Amino acid sequence: MLAYRIAAELAPRLAAFSTVLASMPVAAAYAMPTTPLSALIIASTNDPFIPYGGGKFPYTLWFSAPMLAVDASVALWRELADLPDTPQISPVAKLSSDAATRAVRHTWGGDTLQVRLIKIEGGGHAEPSRKKRYPGWFSRFPGRQNADLEIAEEAWAFFQHKVRRRA
């Protein structure tokens, strides 16, 4: 969630930003962004801590604030960049046919200014990774972890050609 704040406050000095398993707060303690910025947003539909549809789960920490829906957070950055409403959708190839989660890329814009949502359908509060798997019983606590992509490699592929826009 701090990445959203940094992006809002430092956008002119950044080329892009990413969030993993986070959404923007309904009532932020900072001004909403005013500068278009490329964004990579990774979110899971069954996250027990950050509801994909927004709001707040009753069993989250008492001090956590209600969050915008993930789609609303994405739309804020997409609209700020004046990108089209309809994304290019590309499912990530499944490594296992019996996997309970599925990763799908939703991309708006081109190479220079782009907003991408990687939606982990059926995933919990666990970053996608083929290499770093949550151990046995612990994996039940945050929910299912997707193994169809390696999040660090996905982030590098997104960031490697982004360039800070000059005012």
Side-chain angles (χ1 to χ4, degrees), residues 1-90 92 101-129 141-146 149 151-152 154-159 162-165 167:
M1 291 173 221
L2 183 56
Y4 282 117
R5 181 175 190 155
I6 290 169
E9 293 182 353
L10 300 178
R13 295 162 49 191
L14 302 174
F17 78 98
S18 179
T19 66
V20 179
L21 308 172
S23 190
M24 294 185 72
V26 169
Y30 53 90
M32 285 293 103
T34 57
T35 303
L37 190 60
S38 289
L40 173 62
I41 299 169
I42 297 95
S44 296
T45 60
N46 292 350
D47 189 325
F49 306 115
I50 307 296
Y52 191 88
K56 178 178 169 177
F57 282 123
Y59 54 88
T60 54
L61 300 174
W62 62 271
F63 57 83
S64 67
M67 308 306 289
L68 289 175
V70 171
D71 292 334
S73 297
V74 170
L76 188 147
W77 291 96
R78 180 186 53 74
E79 290 167 3
L80 187 61
D82 197 28
L83 297 175
D85 293 345
T86 306
Q88 292 178 324
I89 298 174
S90 58
V92 175
T101 64
R102 179 177 182 217
V104 180
R105 290 182 194 92
H106 298 76
T107 306
W108 296 264
D111 290 335
T112 56
L113 186 56
Q114 185 176 75
V115 173
R116 177 173 293 157
L117 167 65
I118 299 178
K119 183 177 184 178
I120 309 298
E121 298 170 356
H125 195 76
E127 71 280 358
S129 179
F141 174 64
R144 297 184 187 276
Q145 184 180 20
N146 181 273
L149 56 86
I151 196 59
E154 190 76 23
W156 174 243
F158 181 81
F159 286 128
K162 300 297 185 271
V163 177
R164 183 170 54 113
R165 300 175 72 195

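No hydrogens, no waters, no symmetry mates; every other heavy atom, side chains included, goes into these values. All figures in this text were calculated on a predicted structure; none of them were measured in a lab.
- In this structure, Phe17 and Tyr4 have perpendicular ring planes: the angle between them is above 60°, well past the 30° mark.
- Ala103 and Asn146 make their closest contact through N-ND2, 3.7 Å (heavy atoms, listed as atom of the first residue, atom of the second, distance).
- For the pair Thr45 (side chain) and Gly122 (backbone), a donor-acceptor distance under 3.5 Å is present.
- Two residues are said to be in side-chain contact when any heavy atoms from C-beta on lie closer than 4.5 Å; Leu113 and Pro36 meet this criterion.
- The closest side-chain heavy-atom distance from Ile41 to Ser18 is not below 4.5 Å.
- Looking at Arg102 and Lys119, their side chains never come closer than 4.5 Å, going by heavy atoms from C-beta outward.
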Query raised in the report: Given Glu154 and Ile118, is the side-chain contact (heavy atoms from CB on, under 4.5 Å) satisfied, shown in steps?
Result: CA-CA 10 Å; Glu154 190 76 23; Ile118 299 178; 3.2 Å; yes
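- Looking only at side-chain heavy atoms (C-beta outward), Leu14 and Ile6 come within less than 4.5 Å of each other.
- In this model, no donor atom of one side chain and acceptor atom of the other lie less than 3.5 Å apart for Tyr52 and Asn46.
- When every heavy atom of Leu40 is checked against every heavy atom of Ala155, the shortest pair comes out as CD2-CA, 3.7 Å.
- For Asp111 and Lys162, the salt-bridge test fails: no basic side-chain N is under 4.0 Å from an acidic carboxylate O.
- Judged by distance alone, the side chain of Gln145 and the main-chain N or O of Glu127 form a donor-acceptor pair under 3.5 Å.
- Taking both residues in full, the closest heavy atoms of Leu21 and Ala126 are given as CD1-N, 3.4 Å, listed atom of the first, atom of the second, then distance.
- Distance alone, capped at 3.5 Å, is enough to place a donor-acceptor pair between the Ser44 side chain and the Gly124 backbone.
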Query - Verdict with supporting geometry, Met67 and Met1, side-chain contact (heavy atoms from CB on, under 4.5 Å) - result: CA-CA 10 Å; Met67 308 306 289; Met1 291 173 221; 3.4 Å; yes
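- Between Glu121 and Val104, some side-chain heavy-atom pair lies under the 4.5 Å cut-off.
- When the salt bridge (Lys or Arg N to Asp or Glu O under 4.0 Å) test is applied to Arg164, no partner is found at least two apart in sequence or on another chain.
- The nearest pair of heavy atoms linking Pro33 to Trp77 is CB-CH2, 3.4 Å.
- Thr19 places none of its side-chain heavy atoms less than 4.5 Å from the side chain of Leu2.
- Residue-environment remark: CD (Gln88) stays at or below the threshold of 12 foreign heavy atoms within 6.0 Å.
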Query raised in the report: Can you list the steps and then say if Arg116 with Thr107 is a side-chain hydrogen bond (donor to acceptor under 3.5 Å, both in side chains)?
Result: CA-CA 4 Å; Arg116 177 173 293 157; Thr107 306; 2.9 Å; yes
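- Pairing each heavy atom of Ala39 with each of Phe158, the nearest pair is O-CZ, 3.3 Å.
- Inter-residue side-chain proximity for Tyr30 and Pro25 is flagged as met; some heavy-atom pair is nearer than 4.5 Å.
- Looking at heavy atoms from C-beta onward, Trp108 lies out of side-chain contact with Thr86 at the 4.5 angstrom threshold.
- Distance check, rounded to the nearest 0.5 Å: CG of Leu117 to CZ of Arg78 gives 11.5 Å.
- In terms of heavy-atom proximity, Leu68 sits nearest to Ser73 at CB-OG, 3.8 Å.
- Under the side chain to side chain donor-acceptor pair (under 3.5 Å) criterion, His125 pairs with Asp47, sequence neighbours left out.
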